[in-house]
A.B. asks: 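The following block contains the structure, expressed as structure tokens.
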Amino acid sequence: MENVDVVVIGAGAAGLMCAAETGKRGRSVRLLDHGKKAGRKIIISGGGRCNFTNMYAEPANYLSQNPHFCKSALAQYTQWDFIAMVDKHGIAYHEKTLGQLFCDDSAHQIVDMLLKECDDAGVKVQLRTEILGVEKLDNGFLVKTSQGELACTSLVVACGGLSMPKLGATPLGYQIAEQFGLNVLPTRAGLVPFTLQPEQKEVLAELSGVSVDSYATAKDGTGFKEALLFTHRGLSGPAVLQVSSYWQPGEAVTFDLSPQESLIDWLLEQAKTQPQLTLKNALARKFPKSMVEAWIKLHQLPNPAIGQLSNKLREQLNTVLHQWQVIPSGTEGYRTAEVTLGGVDTNGLSSKTMAAKNVDGLYFIGEVVDVTGWLGGFNFQWAWSSGWLAGQYA
């Protein structure tokens, strides 16, 4: 049996950050992961360029049963602190939209940076290592692995949630929490595409690959002005991924497909100069032609000249284009979800250290905790902030 000061389970974003920070304090650290590579989720994120943080990250961008919990970590290690590390390592990056920062070159640069930070801090990274069990000792923990046993005084659980099982996601973090008496809140897929009811899917599947501007609103009133993407299974794109985290089964989501201007006003303006233009041809100036055709079919709309729009048709157009309500049949689930909502109840953790309140030396960080960010670099920032914070104490 080997003895180390700290064992970190999970070599993802939070685990890598925590291990490096803990090592900088002179603690002997072993970072364990069952995968072949560290930072697998980082590598595939952002289309391979990693949306590593957001310039506008703040607590309002996070969902949790306790919305105040994330404030301490985010304040103690900010997006600007992580950007400074990226700058220190000479990684070129750019803002894509809405404060989202991406590597110019490759997401591998972020993983390489974190592994160098770990290496410089004397952290030993041990991959292809299954966790077989964890036990409490008088002065720490015994971690049983496929590569032998490790005794440590501090144990950090950073093994993520259930999203993207192809990358090795497991419920291990939740199992460890429950083993030590922490409450685990129900989990569900977040930042995930919607699937549609059969009758809608049949018509809209023809639009697979078509994207339009939208404003998506959940039942609770939370809304996002982002692109909506039609897929062969349903609806995706940033608007859908964002609003999916606020959606509950059976609820409707409302889409405004022309958030910039009133389509009725626009049509009336067009009718002044081209009253004989058909509704279909007029709308095709605003939207992809395939979408207009599908919309007329889906909502059984007539196709009069726009100079002869009845009040009833105007109201119908207003509803189906500005207030299109969809009750998804479900989501694509953890298979394509970017994050897991729910997880280790923050009531059992210290927001100042990320330590379990009832178990000395036990910490939970990153996605395994009930803190979930919006799309756009916010979840990585939570990983950096929570990992950094635990690294100051573990």
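In this text, all values refer to a predicted model and were calculated from it rather than measured experimentally.
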A.B. asks: Quick one, Val29 and Asp5 - any side-chain contact, counting heavy atoms below 4.5 Å?
C.D. replies: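 The answer is no, as the side chains (C-beta and beyond) never meet within the 4.5 Å cut-off.
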
A.B. asks: Taking side chain as C-beta onward, heavy atoms only, is Arg285 less than 4.5 Å from Leu277?
C.D. replies: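 With C-beta onward as the side chain, the pair touches.
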
A.B. asks: Nearest heavy-atom pair of Leu16 and Ala38: which atoms, and what distance?
C.D. replies: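 Taking Leu16 first and Ala38 second, the nearest heavy atoms are CD2-CB, 4.4 Å.
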
A.B. asks: Minimum heavy-atom separation for Ile306 and Leu309, please, with both atom names.
C.D. replies: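 Heavy-atom minimum between the residues: O-CG, 3.4 Å.
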
A.B. asks: Is it true that Lys297 and Glu206 have a side-chain N and a carboxylate O under 4.0 angstrom from each other?
C.D. replies: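 Between Glu206 and Lys297 there is a salt bridge, with a charged N closer than 4.0 Å to a carboxylate O.
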
A.B. asks: Test your reading of the model: is there a side-chain donor-acceptor pair from Arg27 to the backbone of Ala19, 3.5 Å cut-off?
C.D. replies: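 Side chain of Arg27 to backbone of Ala19, a donor-acceptor pair under 3.5 Å: no, none is there.
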
A.B. asks: Show your working on side-chain contact (heavy atoms from CB on, under 4.5 Å) between Ile110 and Ile43 and close with a plain yes or no.
C.D. replies: CA-CA 8 Å; Ile110 299 294; Ile43 291 167; over 6 Å; no

A.B. asks: Specify the closest pair of heavy atoms between His232 and Ser208, including all atoms of both residues, with the distance to one decimal.
C.D. replies: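 Closest approach of His232 to Ser208, heavy atoms only: N-OG, 3.3 Å.
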
A.B. asks: Does Gln242 reach the side chain of Ser245, with side-chain heavy atoms less than 4.5 Å apart?
C.D. replies: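 They are not in contact (no side-chain heavy atoms under 4.5 Å apart), so the answer is no.
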
A.B. asks: Please say yes or no: joined through hydrophobic side-chain contacts below 4.5 Å, possibly via intermediate residues, are Val371 and Leu182 part of one cluster?
C.D. replies: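 In one cluster: yes.
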
A.B. asks: Atom NZ of residue position Lys116 - does it have more than 12 heavy atoms of other residues, nucleotides or ligands inside 6.0 Å?
C.D. replies: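 Not buried by this count: 12 neighbours or fewer within 6.0 Å.
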
A.B. asks: Would you check if the side chain of Thr78 reaches a backbone N or O of Ala75 as a donor-acceptor pair within less than 3.5 Å?
C.D. replies: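 Judged by distance alone, no pair lies under 3.5 Å.
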
A.B. asks: When you measure from the centre of the six-membered ring of Phe102, is the NZ or CZ of Lys96 closer than 6.0 Å and no more than 45° off the axis?
C.D. replies: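 So Lys96 does make the cation-pi contact.
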
A.B. asks: Using the ring centroid of each side chain, check whether Tyr93 and Phe52 are separated by less than 6.0 Å.
C.D. replies: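 Centroid separation for Tyr93 and Phe52: below 6.0 Å.
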
A.B. asks: Please round to the nearest 0.5 Å and tell me the distance separating atom CH2 of Trp80 and atom CD1 of Ile83.
C.D. replies: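 Atom-to-atom, Trp80:CH2 and Ile83:CD1 are 4.5 Å apart.
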
A.B. asks: Would you check if the side chain of Thr22 reaches a backbone N or O of Ala394 as a donor-acceptor pair within less than 3.5 Å?
C.D. replies: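 Side chain of Thr22 to backbone of Ala394, a donor-acceptor pair under 3.5 Å: no, none is there.
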
A.B. asks: Look at atom NZ of Lys37 and say whether more than 12 heavy atoms of other residues, nucleotides or ligands are closer to it than 6.0 Å.
C.D. replies: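 It does not: Lys37 NZ has 12 such atoms or fewer within range.
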
A.B. asks: Between Lys41 and Glu367, does any side-chain N to carboxylate O distance fall below 4.0 Å?
C.D. replies: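 Salt bridge flag = yes for Glu367 with Lys41.
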
A.B. asks: Do side-chain atoms of Ser329 reach the backbone of Leu196 as a donor and acceptor pair under 3.5 angstrom?
C.D. replies: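 Yes; judged by distance alone, with no hydrogens or angles, the pair exists.
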
A.B. asks: Please go through Leu375's hydrophobic cluster and name the other residues, only I, L, V, M, F, W, Y counting, with side-chain heavy atoms under 4.5 Å joining them.
C.D. replies: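 When side chains under 4.5 Å apart are linked, the cluster holding Leu375 also contains Leu191, Leu241, Val339.
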
A.B. asks: With side-chain contact (heavy atoms from CB on, under 4.5 Å) as the criterion, how do Leu155 and Val134 come out once you've worked through the C-alpha distance, each side chain's angles and the decisive distance to 0.1 Å?
C.D. replies: CA-CA 9 Å; Leu155 176 64; Val134 176; 3.6 Å; yes

A.B. asks: Which pairs count as side-chain hydrogen bond (donor to acceptor under 3.5 Å, both in side chains) when at least one residue sits in residues 315-328, sequence neighbours excluded?
C.D. replies: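 Applying side-chain hydrogen bond (donor to acceptor under 3.5 Å, both in side chains) to every pair that reaches into residues 315-328, excluding sequence neighbours, yields Thr254-Gln325, Asp256-His322.
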
A.B. asks: Return the minimal non-hydrogen interatomic distance between Ser244 and Phe194, and the atom names on each side.
C.D. replies: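 Minimum heavy-atom separation between Ser244 and Phe194: CA-CZ, 3.8 Å.
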
A.B. asks: Return yes when atom NZ of Lys24 has more than 12 non-hydrogen atoms of other residues, nucleotides or ligands closer than 6.0 Å, and no otherwise.
C.D. replies: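 Check passes, neighbour count above 12.
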
A.B. asks: Just by distance, do the side chain of Thr195 and the backbone of Gly330 share a donor-acceptor pair under 3.5 Å?
C.D. replies: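 Yes, Thr195 side chain to Gly330 backbone: donor-acceptor pair under 3.5 Å.
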
A.B. asks: Treating Asp87 as the side-chain partner and His89 as the backbone partner, does any N or O pair qualify as donor plus acceptor under 3.5 Å?
C.D. replies: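 The answer is no, because no donor-acceptor pair under 3.5 Å joins these two groups.
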
A.B. asks: Can you confirm whether Pro193 sits close enough to Thr336 that some side-chain heavy atom of one is under 4.5 Å from a side-chain heavy atom of the other?
C.D. replies: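 Yes; the side chains approach each other to less than 4.5 Å.
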
A.B. asks: Tyr62 side chain to Phe378 main-chain N or O, any donor-acceptor pair under 3.5 Å?
C.D. replies: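 Yes, Tyr62 side chain to Phe378 backbone: donor-acceptor pair under 3.5 Å.
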
A.B. asks: Are Asp33 and Arg40 close enough, and set up right, to give a salt bridge (Lys or Arg N to Asp or Glu O under 4.0 Å), and what steps lead you there?
C.D. replies: CA-CA 11 Å; Asp33 197 283; Arg40 284 173 296 173; 3.5 Å; yes

A.B. asks: Considering non-hydrogen atoms only, spot the tightest contact between Trp247 and Pro328 and give its length.
C.D. replies: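 Nearest pair, atom of Trp247 first, then Pro328: NE1-CD, 3.6 Å.
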
A.B. asks: Would Met164 and Ile44 count as a side-chain contact (heavy atoms from CB on, under 4.5 Å) here? Give the steps.
C.D. replies: CA-CA 11 Å; Met164 298 189 182; Ile44 68 153; 3.6 Å; yes

A.B. asks: Measure from the side-chain N and O atoms of Gln79 to the backbone N and O of Thr53, and report whether any donor-acceptor pair falls under 3.5 Å.
C.D. replies: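 Absent.
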
A.B. asks: When you measure from the side chain of Asn54 to the backbone of Gly376, do you find a donor-acceptor pair of N or O atoms at a distance under 3.5 Å?
C.D. replies: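 Side chain of Asn54 to backbone of Gly376: a pair is present.
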
A.B. asks: Quick check: are there more than 12 heavy atoms from other residues, nucleotides or ligands sitting under 6.0 Å from CD of Glu202?
C.D. replies: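 Counting other residues, nucleotides and ligands, CD of Glu202 stays at 12 neighbours or fewer.
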
A.B. asks: Are Trp388 and Phe82 near enough that their ring centres are under 6.0 Å apart?
C.D. replies: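 Ring-ring flag for Trp388/Phe82: false, centres at least 6.0 Å apart.
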
A.B. asks: Do side-chain atoms of Ser106 reach the backbone of Arg49 as a donor and acceptor pair under 3.5 angstrom?
C.D. replies: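 Side chain of Ser106 to backbone of Arg49, a donor-acceptor pair under 3.5 Å: no, none is there.
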
A.B. asks: Quick one: are Asn358 and Phe180 in side-chain contact, heavy atoms under 4.5 Å?
C.D. replies: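 A side-chain contact under 4.5 Å is absent here.
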
A.B. asks: So with a 6.0 Å cut-off around CD of Gln248, is the heavy-atom count from everything else above 12?
C.D. replies: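 Counting other residues, nucleotides and ligands, CD of Gln248 exceeds 12 neighbours.
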
A.B. asks: Please tell me whether Thr222 and Asp220 have a donor and an acceptor in their side chains that are separated by less than 3.5 angstrom.
C.D. replies: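 Yes - a donor-acceptor pair under 3.5 Å links their side chains.
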
A.B. asks: Side-chain donor-acceptor pair under 3.5 Å between Gln392 and Glu21, yes or no?
C.D. replies: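 Looking only at side-chain atoms, Glu21 and Gln392 do form a donor-acceptor pair, the distance falling under 3.5 Å.
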
A.B. asks: Checking side-chain polar atoms at under 3.5 Å, does Tyr334 have a donor or acceptor matched by the opposite partner on Thr187?
C.D. replies: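 Present: a donor and an acceptor within the cut-off.
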
A.B. asks: Apply the test side-chain contact (heavy atoms from CB on, under 4.5 Å) to residues Asp370 and Phe69: give CA-CA distance (whole Å), side-chain angles for both, the deciding distance (0.1 Å), then the verdict.
C.D. replies: CA-CA 9 Å; Asp370 174 38; Phe69 181 83; over 6 Å; no

A.B. asks: Ring pair (Phe, Tyr, Trp, His ring centres under 6.0 Å) with Trp266: which residues, sequence neighbours excluded?
C.D. replies: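 Trp266 satisfies ring pair (Phe, Tyr, Trp, His ring centres under 6.0 Å) with no residue once adjacent residues are dropped.
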
A.B. asks: Is a salt bridge present between Arg30 and Glu2, judged by a nitrogen-to-oxygen distance below 4.0 Å?
C.D. replies: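 The answer is yes: the pair qualifies as a salt bridge.
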
A.B. asks: For Phe141 and Asp360, work out which heavy atoms get closest and say how close.
C.D. replies: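 For Phe141 versus Asp360, the nearest heavy atoms are CZ-O, 3.4 Å.
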
A.B. asks: Flag the pair Lys144 and Glu130 as a salt bridge only when some basic side-chain nitrogen lies within less than 4.0 angstrom of an acidic carboxylate oxygen.
C.D. replies: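 Salt bridge: no.
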
A.B. asks: Assert yes or no for the condition that the ring centre distance of Phe224 to Trp374 is strictly below 6.0 Å.
C.D. replies: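 They qualify: ring centres under 6.0 Å apart.
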
